[in-house]
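Inspection log for the structure reproduced underneath, given as structure tokens.
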Amino acid sequence: MVALPYLWLLLFFVVPFIIVLKISFSDVALAIPPYKPLLEWVGKHSLAVKLNFDNYAFLFTDSLYLHAFANSIKVAFLSTLMCLIIGYPMAYGIARAKPAVRNVLLLLVILPFWTSLLLRVYAWIGLLKANGVINNVLLSLGLIHEPLTMLYTPFAMYVGIVYSYLPFLILPLYANLEKMDWQLLEAAEDLGCRPWQAFYKITLPLSRNGILAGSMLVFIPAVGEFVIPALLGGPNALMIGRVLWDEFFANRAWPVASAVAILLLLLLVPFMMWYQSVQARESAGAR
Amino acid sequence: MTASAGGVVKAQIWNDPSARPYVEIERVNKSFGDFTAVKDVSLKVYKGEIFCLLGASGCGKTTLLRMLGGFETPSSGRILIDGEDMTGVPPYERPVNMMFQSYALFPHMNVEQNVGFGLKQDRLPKGEIQSRVATMLDLVKMGEYARRKPHQLSGGQRQRVALARSLVKRPKLLLLDEPLGALDKKLREHTQFELIGLQDKLGVTFIVVTHDQEEAMTLASRIGVMNHGEIVQAGTPSEIYEFPNSRFVADFVGSVNMFEGKLIEDEPDYVRIDSAELGATIYVNHGISAPPGATVWAALRPEKVFMSMSPPAGDDNGAGAADNVVRGNVQDIAYLGDLSIYLVRLATGKVVRVTQPNTSRHAETIGWDQQVYLSWDATSPVVVTR
Amino acid sequence: MNYRSSFFILTCIGLGFAFLYIPILSMVVFSFNASKLVTVWDGANSPTLKWYYALLHNEEVLDAAWISLKVAVINASGSVILGTLAGFGLARFSQFRGRFTLNAMTTAPLVMPEVITGLSLLLLFVALEELIGWPAGRGITTMTIAHMTFSMAYVTVIVNSRMASFDTALEEAAMDLGARPLKVFFVITLPIIFPAILSGWLLAFTLSWDDLVISSFTSGPGSSTLPMVVFSKVRLGVSPEINVLATITLGVVSTMVVGVSLWMARRAKLDAL
């Protein structure tokens, strides 16, 4: 019964990575497809494996790539942090709302998630442009005298990422907080905690798995994000997803793109495994 | 059933008008929207008492307890503890601790950390915290489980930890919300007596919320019976049981036979009630304050009914030959081991509940469909007017 | 009693939802704007439906929408079958060889950066074509396969979590009353987990409908999906027609999401009786 999905994922999810790995060791060639085979017949009967580490060496020598990796991690980390700062109080508030209100608020969190990411990112262009809504409002209020440059800046990129990934953080966090026994907070207050101390000593440690799961759902995809930096970040927003895209589509350097993908994957696999173990713990109900 | 508890409390201190109450609840009301949870409650609890708030779910007892703990603010009225007005004081500044019904043990902390939590909150020196936690854990016999997490404990063990955690801060007043509700019957009985022993040893005043009348009877120095947000009667367990002031209390505490009737004679030292339901007159040797002809109810406990196969001899309390005697047929018998319950159907159709202790091993003289006489002393019924 | 929220929390919720909804609402408002300058409100001629008219007569957009719709429907149906099987298997069989792998393979696509999934699938298709001649070129087929691969992971998670709260006594009762296992699955299990399957279908549809990155990697000439067309338009600058598209999408999605939620709430209420 599980054989069909199993084989499907094996063929279309696992095997492709092996191919990516293989191509990352190939030479770039002006051909279709634009890379040289890894195995070559040398003479008549001997098959030579030519492992080519040039692509990786290239990635580590050209500072552009390392810079892009570092910047992606920084952007993803800060975005995750901002999502947490905005999302935690929201998830908490929703979890403590009356059931009827709670369902409406949840629906409002889920709704943007169902509308196209592309269109929601596009909306920010209209807001952040030089003659966009925000500048128009600020100008008409007299708070500024000339338009602020917001679009195509790191600021715009952060706004876009936080905006797009916020629901991914709120939902698992809410699911965790919703299971919380609020009487524990009363018990803590009864034993002498002020409300914020009770939050820090009880709620926060008990929602650890929700925080981790939500953060991972933001951090991991954000590291490889392409659309948001491409639309909001401007030409010098160096994100690794964009580098990969450009190597592949603009430069047709498939082996380099593959090497980037492999390095990115190696970087993210520990986080993915962490995420999976957090999920397993959360569904087992252990604290 | 007598008051076995309240060892610390001076005998009947609540009857001494000069005694200073420890907890004073003054005309407290609490409403949530349109719903009034607690209605004009006034109550005085004295040092060293175990006071039980008894009532069905939704009667307001938990809300009252939560107001004492500081988790709800009264809509009107005042609460004083040890002479200090506590009305606006938040829970973390009250000299009061609470044991929650769900125990509310912190799942991410072990037993020791749970018990030490409140002391750490007060920034006591580490050594003192350790010794006080250890002493308290020994007291509740949980010393060897100090490193366990709550989910590794049984229900009874959790109850002990919760108790230890709420007592370790040496509160002036301990509030217990259904403290034994989650335990099974055997364990509950055992724990009741332990709780009394512990209270005796520490001298802390307890206010306990429970819906279990047996638990209230066993634990309490006094019981406050609550209904629809009001305290309908407060008194010692035996006062509540023997002299209920209303049909509600008589019915809620223990089982009772209730006979509706008309007051036909009302003298200072006796009353006579004509009960159509019973098909006889009831003679009670105490006076009541109700106009002749008023509808009243005579409450008669099942264990105070005598059952015999031949007509009983009248008692010498002034009752006439026609008073306090009826005939009926045994409709059902439930054998409970220590006692048996008989359901006797009268000619009027009314079914009377009678309990008799099984003092002799083989005596089974009264059987199904047996015609019997039921009678009672003139001192036994309690006449209530509401 | 336990529904407490401080002023601070209420403020956070208010600001948070403003953050989530102001961009969306601004698109809706400006979709009725007459000016081509998207964000400058032309009070004299607005509101107008002229951009709605323009969008619905834009051949490129309509063609792309048609392709997106085909891919999304096939993808949703396919991933529901695969995802239900996987979710059911994971929930029911606690021990089988490869359980760990299957679990990992259905969790990873949820967080995998799209550029990696897209690139790897494309390289697979290229390699397969070289090896066995299939798939010949790239287009709707390759795109659908790619979409199914990540969509089914979502369906698996949904079905799996629904199965976790499934009372197996219901199935045992059916078997006790004489139903064979296959019959039990179709008559008892499937109807009960149907809401989860429906949510899975809708989610898979939406994921496919919205996908840009993976489609870009795996599509071929002449098979541009709606997001791909939108992306190229947006890169060239803002266009009032996109506001219209966003408004229509939002209208359809919110009607659907609200409708399904209400239906499920009603169903849950009936089940509780």
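By convention in this document, chain letters (A, B, ...) are assigned in the order of the sequence lines, proteins followed by strands, and residues within each chain are numbered from 1. These numbers come from a predicted model, not from an experiment.
- For A:Ala188, the parts lying near chain B are the backbone and the side chain together; criterion is any non-hydrogen pair under 4.5 Å.
- The pair B:Arg94-A:Glu189 does not meet the salt-bridge criterion, since no charged nitrogen lies less than 4.0 angstrom from a carboxylate oxygen.
- Using a 4.5 Å cut-off between heavy atoms, B:Leu119 makes no contact with chain A at all.
- With hydrogens and angles disregarded, no donor-acceptor distance shorter than 3.5 Å links the side chain of A:Asp190 to the backbone of B:Gly69.
- Between A:Leu191 and B:Pro91 there is no side-chain heavy-atom pair separated by less than 4.5 Å.
- Here CE of B:Met98 is found 7.0 Å from CD of A:Glu186. Values are rounded to the nearest 0.5 Å.
- Checked against A:Gln183 for a side chain to side chain contact (heavy atoms under 4.5 Å, CB included), the options B:Tyr103, B:Phe71, B:Phe100 give a single hit: B:Phe100.
- Heavy-atom neighbours of A:Phe77 CZ from other residues, nucleotides or ligands within 6.0 Å: at or below the threshold of 12.
- Residues B:Tyr92 and A:Gly192 share a closest heavy-atom pair of CB-C, 3.5 Å.
- Here the closest heavy-atom approach between residue A:Ala187 and residue B:Arg165 is recorded as CB-NH2, 3.5 Å.
- Atom CD of B:Glu84 has 12 or fewer neighbouring heavy atoms from other residues, nucleotides or ligands inside a 6.0 Å radius.
- Nearest heavy atoms, A:Asp181 versus B:Ser102: OD2-OG, 3.9 Å.
- Residues A:Arg194 and B:Gln121 fail the side-chain proximity criterion, which asks for heavy atoms closer than 4.5 Å.
- Within 6.0 Å of NZ in B:Lys172 there are more than 12 heavy atoms belonging to other residues, nucleotides or ligands.
- In terms of heavy atoms, A:Lys201 sits closest to B:Met109 at O-CE, 4.1 Å.
- At most 12 heavy atoms of other shown residues, nucleotides or ligands fall within 6.0 angstrom of atom CZ in A:Arg208.
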